[in-house]
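First the structure, in the form of structure tokens, and then the observations on it.
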2 protein chains.
Amino acid sequence: MSATRLPGTPRLLRALNDRAALELLLERGPLTRARLGELTGLSKVTASQLVERLEERGLVARVGEQAGGRGPNAQLYAVRPGSAYVVGVDVGAERVMAACADITGAVVSQVEQSTRDTDDPVGVVHTAVVQAASRAGAQLDSVRRVVLGTPGLVDPATGDITFAFNLPRWHRGLLAALREDLHTPVVFENDVNLAAVAEAQSGAAQGVADFVLVWVGAGVGLAIMLGGRLHHGSSGAAGEIGYLPVPGVPIPRDVSRRAKPAFQQLAGADAVRAVAREHGIDAPDAADAVRAAIAAGTTGGPLLDELARRLALGVASTCVVLDPPLVVLAGEVGQAGGVALAERVQHEVAAITLVRPRVVPTGLTEEPILRGALRTALDAVRDEVFGSTVG
Amino acid sequence: MSATRLPGTPRLLRALNDRAALELLLERGPLTRARLGELTGLSKVTASQLVERLEERGLVARVGEQAGGRGPNAQLYAVRPGSAYVVGVDVGAERVMAACADITGAVVSQVEQSTRDTDDPVGVVHTAVVQAASRAGAQLDSVRRVVLGTPGLVDPATGDITFAFNLPRWHRGLLAALREDLHTPVVFENDVNLAAVAEAQSGAAQGVADFVLVWVGAGVGLAIMLGGRLHHGSSGAAGEIGYLPVPGVPIPRDVSRRAKPAFQQLAGADAVRAVAREHGIDAPDAADAVRAAIAAGTTGGPLLDELARRLALGVASTCVVLDPPLVVLAGEVGQAGGVALAERVQHEVAAITLVRPRVVPTGLTEEPILRGALRTALDAVRDEVFGSTVG
DNA sequence: CGCGATTCGTTAGCAGAGTTTACGAAAACC
DNA sequence: GGTTTTCGTAAACTCTGCTAACGAATCGCG
């Protein structure tokens, strides 16, 4: 009956300081013992002992000397890349992209495979993961975590995928197969959420702790970043804004797999193509239609206006609830729309609500979901590897 | 250019442990030194030293003995109530309610005053605060914080109130007057947010870290609690769901002070009264109308159904975005609707979205805003008073 | 009623983390 | 080549917490 909190023993201190030092080494590249002391706030000698400990644990290594200074050349230390690896995977409907990164975050290998011409998608994903690891020169047992990005909801209780309409149902088999071979934690994460993670790391939301990312592609989705962490919701369904009840579309009652959700019906790729046709732009692909409208200059304006008006309904709803400082438009359509679309959405949102979020297009072009998967895996693995002093 | 993190010195340990001990003393009442050791995870002797320190700092005092055990009677210690006080105020349009609590959270005094028959509302609030303090037997300089709950948005940058349509504009004067006399931090907080804080502490959301509270009164509002903390949004406008673009109401463009926001027009008290009249219930007050419908039994069903249908649009929008496990209905109308209304809203939300939040009526009857203000003030003051070992 | 069993609180000695002071050695400056 | 500066390491001390031991108080039981 005693909830016994964590004590607060001296070893906790060491764990905290070690962790802070490692984080600094990752962020600011190789450092000398003295500089590390300054940055952590610790004394020179303590920092020195600390580095020695980390070196013994195999987490840190000498990587050179810093010449040019006044005194003797200072030794430079950095996090040892080989101490752990992670694999991220973007599991799309038609292709699989896997990449392997070492614990410093450097992407060491990348593998792409098509799932179109096979009847064993599990096998494809599986070999992609194994190939990514081996091409990176990483032993399989030094891969500490695999993160798979897919559409659909991740049940926070079980970690399984639910409601992945547009993907085959082999996720469960995939999870089992990978875990069996790799003896490693394997987790799913929603693809839009991963895109947001990537956006925060190196896209349009760098250094912004709170923002939302609106994904406009085949479906519409939303990722919510609060305090630098993803908000998943109690059933993993936070951000499924396809189901927003918006004006202009009948609200389907008795939500089923058949019924088309309201906002998605208004702003999904199908709707974009339809609106484009009405405006005289006929393209096989929604993103192409948007690009065509932008290329058309003034002529394309009305289509973009209409698109922005529709998107703004969903964006306004989320912004009225959350009041984020920043909204990132991503996904095929969001990216294609670029600044032209983002500006229009920003203007439109300001017209119908009190909040005034900045709306910008994604700042990422290459594999946002994959990058997000790697980053997510890294965060978890660093907690494990770097925090092991506590255990 | 060195961002110098907090060091991680031994004194940090002491601060952490002291803080944990104080928190335990507040939560679980008077404790013996030995029990405190168990609960914190510290050794018996360390816990003993710790208590001695806290006693010297005046934060803790002996309050009795625990007889009946095997060995000698153990001394019981508790947080000293008199070491600091806070004042909370519910600033309504027609009356002001102030209360004073000691640092243990015990409410020591409560004062109510009308602002209807005066032309100096600032003075009324001011004297209410001073009276609450003096009736509590608290010196003015031991009141460490005053929290004022009012409608409107609180600008997170300045702390000032904006957009308080239904309240006079003397907030700024109030802030200045109170600060001048009391030499104490005085802060505003949105009334709906405070109601949510109270709900989390002792209402329908006890022990629930994530939930939203929907306020249905003259206006409609929303408070968002995530991880046990309020989410305010970048401009303090998070949860202003009156502005949700919902189906069934024209969306006013060029939002101005005149234009009635969409969702509010659909579900605010005015709308409730209007709907009630259509259903043959004519009451001067929206809450009365709802109560009449419930009292009418089956006859009142259709009105409640319609009300639930309207509310569900707003609730669904927020739940689609946030996916909270729990929605609390509060405010005059929400409270009047009770379980009958909550159940209907829950059912309706489930019909139009994928998420399945539990919807319940408020569990508080007495002064939720005032209680929330006190709790908010307490949290801040405890950080200051208990955390002062660090400084 | 007295003895043993328990538990409270304290004292003594020790271990882990970090700090200040001091110092030898290496590199650069003049 | 001397001076100056800086690196890395000792040595001695402080602060926090831990284990072990112990006197004293209280209850249970014979």
Side-chain angles (χ1 to χ4, degrees), chain A residues 2 4-22 24 30-57 60-77 387 389-391, chain B residues 2 4-22 30-57 60-77 389-391:
Chain A
S2 49
T4 315
R5 317 197 173 190
L6 50 155
T9 149
R11 89 170 355 108
L12 173 67
L13 270 193
R14 201 178 64 161
L16 288 175
N17 286 333
D18 284 6
R19 182 61 193 266
L22 286 164
L24 282 167
L31 295 173
T32 71
R33 289 152 119 113
R35 185 87 184 104
L36 202 50
E38 288 173 33
L39 290 175
T40 54
L42 295 170
S43 73
K44 197 173 55 163
V45 27
T46 304
S48 209
Q49 287 178 338
L50 186 154
V51 167
E52 214 157 322
R53 274 200 303 264
L54 295 181
E55 208 174 358
E56 272 176 28
R57 279 173 59 193
V60 149
R62 256 201 53 203
V63 295
E65 288 193 340
Q66 189 177 49
R70 222 13 169 26
N73 290 349
Q75 308 293 314
L76 284 169
Y77 292 84
T389 329
V390 188
Chain B
S2 50
T4 317
R5 317 196 171 189
L6 50 155
T9 150
R11 89 170 356 107
L12 173 66
L13 270 193
R14 203 178 63 161
L16 288 175
N17 287 332
D18 284 6
R19 183 61 194 267
L22 286 164
L31 294 172
T32 70
R33 290 151 119 112
R35 186 88 183 103
L36 202 51
E38 291 173 32
L39 290 175
T40 53
L42 294 170
S43 73
K44 198 174 55 164
V45 29
T46 304
S48 209
Q49 288 178 336
L50 185 155
V51 168
E52 213 157 321
R53 274 199 303 264
L54 295 181
E55 208 173 357
E56 271 177 28
R57 278 171 60 192
V60 149
R62 256 200 54 202
V63 294
E65 288 193 343
Q66 189 177 48
R70 224 13 168 30
N73 292 347
Q75 308 293 314
L76 284 169
Y77 293 85
T389 328
V390 189

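Just so it is clear: chains get the letters A, B, ... in the order the sequence lines come, proteins before strands, and each one is counted from 1. What you see is a predicted model, and the numbers here were worked out from it, not measured in a lab.
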Derivation of the side-chain contact (heavy atoms from CB on, under 4.5 Å) call for Thr40(B) and Asn17(B): CA-CA 8 Å; Thr40(B) 53; Asn17(B) 287 332; 5.8 Å; no
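With sequence neighbours left out, Thr9(B) forms a side-chain hydrogen bond (donor to acceptor under 3.5 Å, both in side chains) with no residue at all. Every residue meeting the side-chain contact (heavy atoms from CB on, under 4.5 Å) condition with Thr32(B), not counting sequence neighbours, appears here in chain and number order: Ala34(B), Arg35(B), Gln66(B), Ala74(B), Leu76(B). Residues meeting the side-chain contact (heavy atoms from CB on, under 4.5 Å) test with Leu13(B), sequence neighbours left out: Pro10(A), Leu12(A), Leu13(A).
End-to-end axis angle for the helix from dC1(C)-dG30(D) to dC30(C)-dG1(D), using five pairs per end and rounding to 10°, comes out at 0°.
Rounding to the nearest 0.5 angstrom, the gap separating the CD atom in Glu38(A) from the CG atom in Leu24(A) is 11.5 Å.
Protein chain B contacts DNA chain D from dT16(D) to dG28(D), reading 5' to 3' and using non-hydrogen atoms of the protein with a distance under 4.0 Å.
In terms of heavy-atom proximity, Pro7(B) sits nearest to Gly41(A) at CB-O, 3.9 Å.
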Got a list of side-chain donor-acceptor pairs under 3.5 Å for residues 42-55 of chain A, not counting sequence neighbours?
from, atom 1, to, atom 2, distance (Å)
Ser43(A), OG, Thr46(A), N, 3.4
Ser43(A), OG, Thr46(A), OG1, 3.0
Ser48(A), OG, Arg33(A), NE, 2.8
Arg53(A), NH2, Asp18(A), OD1, 3.1

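Sorted by first and then second residue, the salt bridge (Lys or Arg N to Asp or Glu O under 4.0 Å) pairs involving residues 60-76 of chain A (not counting sequence neighbours) form an empty list.
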What N/O pairs connect the protein and nucleotides 3-8 of chain C at under 3.5 Å? Give each pair on its own line.
from, atom 1, to, atom 2, distance (Å)
dT6(C), O4', Arg70(B), NH1, 3.1

Give the B/S/- string for nucleotides 12-18 of chain C, one per nucleotide from 5' to 3', where a protein heavy atom under 4.0 Å of the base yields B, of only the sugar-phosphate yields S, and otherwise -. -----SS
